[in-house]
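Reading through the structure tokens given below for one structure.
Numbering of ligands and ligand atoms starts at 1, following listing order. Everything numeric in this text was worked out from a predicted model, so none of it was measured.
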Amino acid sequence: MKMVLQRVAVVGAGAAGLCAARHILSRPNSFACPVVFELTDNIGGTWCYVERIGQDDHGRPIHSSMYRDLRTNLPKEVMAFPDFPFDPQLSSFLPHQEIQKYLKKYCHAHNIWPQIRFNTMVEKVKPVVLAKEVEKNTMWEVTSCDLSGHQKTEIFDSVFVCSGHYSEPYIPNVPGMKNFKGKLLHSHLYRYAEPFSGQSVVVLGAKASGLDISIELVKAGAKVTLSHGRPRLTFPLPSGIRQSSPVVAIEDNGSIRFQDGSVDQADTLMFCTGYKFRFPFLDADQLGLKIQDHMVSPLYRYMMPPAFPSLFFISICKMICPFPNFNCQVQFALAVLDGSVSLPSRAEMEDDVHRVLRDKVDRGFQQRHLLDMFEDQWEYCDMLARTAGFPPLPPVIQGLYKEVWRQRQVHPENYRSHNYRLISDSQWELLK
Ligand SMILES: Cc1cc2nc3c(=O)[nH]c(=O)nc-3n(C[C@H](O)[C@H](O)[C@H](O)COP(=O)(O)OP(=O)(O)OC[C@H]3O[C@@H](n4cnc5c(N)ncnc54)[C@H](O)[C@@H]3O)c2cc1C
Ligand SMILES: NC(=O)c1ccc[n+]([C@@H]2O[C@H](COP(=O)([O-])OP(=O)(O)OC[C@H]3O[C@@H](n4cnc5c(N)ncnc54)[C@H](OP(=O)(O)O)[C@@H]3O)[C@@H](O)[C@H]2O)c1
Ligand SMILES: *[C@@H]1O[C@H](CO)[C@@H](O)[C@H](O)[C@H]1NC(C)=O
């Protein structure tokens with residue numbers, strides 16, 4: 001008997017959306033070709049560098065937060081989709097252009113291009129409950145809009161939300177901000193360092209963006225105050241970067257006040273304070289979800305609202321190896337859809353989510369960090385692989401990831417000059 005093929009909509013053609021499309025296309029007996037909706041005229045999402053900031057020619061917000069000289073902070077050996085290695089000729093830490101090229105190659109290799117509808121923004125994703133037995137009979141109405149403003153609503157069996165979460169700046173409330181006389185900026189709007197030459201810049205936030213941008217700024221001749229609430233960084237920072245406690249207010253005269261009581265002036269205050277979740281096309285209440293700046297919950301296995309387990313959020317976790325993580329999530333999601341994984345009841349899934357989050361709170365995770373994975377990512381990916389019966393991530397990924405993490409703490413400026421090679425599923429070597 002020929003099965004009816006399931007129709008899947010994919011929101012976004014970044015790494016997560018492309019990965020979803022790739023695996024859907026490899027299961028032609030279960031799934032029709034996916035429809036991939038992409039807001040911009042290109043693939044790659046984050047990896048699609050656009051020099052312009054603010055809005056594009058069509059008045060749509062620029063999605064990517066990429067800056068001109070960014071190099072990856074994971075080696076290509078760890079970053080790659082496990083079934084699609086980077087060109088062996090390339091060095092380990094790549095400029096962003098190489099990731100964009102890699103994703104284009106991935107598209108060609110898997111014939112994804114024809115499935116993508118470019119310049120098409122998803123405006124609404126709405127469950128349509130066709131029968132009393134909610135869970136098995138939900139269909140999805142996806143309303144999208146092309147550049148001419150033409151709206152279209154189509155029906156799908158499932159939706160993969162792959163719209164990314166490093167676009168919408170999170171800017172903490174700093175009292176007196178309107179008094180600041182210099183330039184206020186968020187890392188989302190930062191492109192290159194030259195304009196800051198000779199300026200004093202206070203960078204707030206010292207994670208990946210804050211650190212990396214501070215280093216770019218001093219190299220270009222800026223005077224940088226790296227303001228943050230983490231324990232004092234003990235690794236060697238370039239001279240010219242001074243650490244300080246967090247910015248807590250702007251005084252009436254425009255000076256910046258820090259938590260330790262000190263006050264200073266600056267030409268620019270740059271928020272490297274991270275990003276917030278935003279899914280303007282979803283109705284959280286209707287889905288039984290709470291969507292906050294730094295949290296989406298409940299999501300079973302960090303993917304599905306228990307009330308609507310044919311909606312999948314791919315790539316919601318933080319502090320992970322992104323592409324390998326997406327690859328596991330997508331394969332698990334498709335195993336749910338094709339019936340090879342059967343889900344527990346809605347109540348059981350909700351209990352499970354609460355148990356997982358309670359456990360993280362007990363281990364000291366703050367509320368805004370509940371989606372951070374760190375060490376948990378390996379067991380998480382393993383569990384998805386075991387449950388859905390696909391090959392787990394080779395242990396060498398974890399091994400090399402940990403080594404690079406360690407190197408970053410020792411040489412935040414130079415760790416990218418190392419080159420690695422994978423020797424086997426469990427071993428890597430440092431190339432001389
Ligand atoms: C500055 C920066 C540096 C990073 N460096 C690294 C690194 O070195 N290594 C690493 O592994 N990861 C890195 N990351 C993480 C990176 O975000 C992931 O690697 C990955 O690109 C995320 O892919 P995604 O598909 O989830 O989201 P995105 O890449 O953001 O893609 C989402 C796509 O969805 C589209 N979209 C959004 N809304 C809609 C809508 N309503 N309708 C239609 N389309 C829509 C967007 O246009 C976009 O193309 C970095 C992130 C940032 C911000
Ligand atoms: N390839 C690269 O080199 C590179 C470069 C940049 C970014 N990235 C990636 O891009 C993603 C986003 O990174 P990100 O650094 O922009 O965001 P992030 O990881 O969310 O970090 C934001 C930081 O800002 C801090 N913060 C927020 N509000 C603050 C306040 N009021 N006072 C003091 N500190 C405050 C946060 O502190 P808390 O921790 O206390 O919440 C956190 O440390 C990550 O995946 C990262 O790996 C990669
Ligand atoms: C601005 O005001 C603060 C107190 O509110 C003061 O400490 C600081 O010296 C003033 N700075 C200038 C440049 O006047």
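When heavy-atom distances to ligand 1 are checked against a 4.0 Å cut-off, Glu38 comes that close through both its backbone and its side chain. Both the backbone and the side chain of Ala208 come within contact range of ligand 2, each with a heavy atom under 4.0 Å. Contacts between Gln366 and ligand 2, counted as non-hydrogen atom pairs separated by less than 4.0 Å, are absent for every part of the residue. With a 4.0 Å cut-off on non-hydrogen atoms, Tyr67 touches ligand 2 through its side chain and not its backbone. Within the 4.0 Å heavy-atom criterion, neither part of Ile99 lies near ligand 1.
Salt bridge present: Glu194 and Arg68 bring a charged side-chain N and a carboxylate O closer than 4.0 Å.
Close approach of ligand 2 to Arg71 (heavy-atom distance below 4.0 Å) involves ligand atoms 1 (N), 2 (C), 3 (O). Atoms of ligand 1 lying under 4.0 Å from at least one heavy atom of Cys162, given by number and element, are 32 (C), 33 (C), 34 (O). Distances below 4.0 Å separate heavy atoms of Thr72 from the following atoms of ligand 1: 8 (O). Within ligand 1, the atoms closer than 4.0 Å to a non-hydrogen atom of Met121 are 41 (N), 42 (N), numbered from 1 in the order shown. Listed by number with element, the atoms of ligand 1 under 4.0 Å from a non-hydrogen atom of Leu70 are 1 (C), 3 (C). When each atom of ligand 1 is checked for a heavy atom of Leu74 under 4.0 Å away, the hits are 11 (O). For ligand 1, the atoms lying closer than 4.0 Å to a non-hydrogen atom of Ser163 are 32 (C), 34 (O), 37 (C), 38 (N). Residue Gly44 approaches ligand 1 through these ligand atoms, each under 4.0 Å from one of its heavy atoms: 29 (O). Taking a cut-off of under 4.0 Å to the non-hydrogen atoms of Ser315, the atoms of ligand 1 that pass are 26 (O).
Note that CE of Met66 is 12.5 Å distant from OH of Tyr190, once rounded to the nearest 0.5 Å.
Checking only distances, Val11 never comes within under 3.5 Å of ligand 1, N or O to N or O.
The nearest protein heavy atom to atom 10 (O) of ligand 2 is not closer than 4.0 Å. When distances from atom 36 (C) of ligand 2 to the protein are checked, no heavy atom turns up under 4.0 Å.
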Could you go through ligand 3 and note, for every N or O atom, any protein N or O atom closer than 3.5 angstrom, writing the atom names and distance to 0.1 Å, or 'none'?
| from | atom 1 | to | atom 2 | distance (Å) |
| --- | --- | --- | --- | --- |
| ligand 3 | 2 (O) | Asn253 | OD1 | 3.4 |
| ligand 3 | 2 (O) | Asn253 | ND2 | 2.4 |
| ligand 3 | 5 (O) | Glu251 | OE1 | 3.0 |
| ligand 3 | 11 (N) | Asn253 | ND2 | 2.9 |
| ligand 3 | 11 (N) | Ser255 | OG | 3.4 |
| ligand 3 | 14 (O) | Asn253 | ND2 | 3.1 |

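Taking all heavy atoms of Tyr166, Tyr275, Phe326 into account, the minimum distance to atom 22 (C) of ligand 1 is reached by Phe326.
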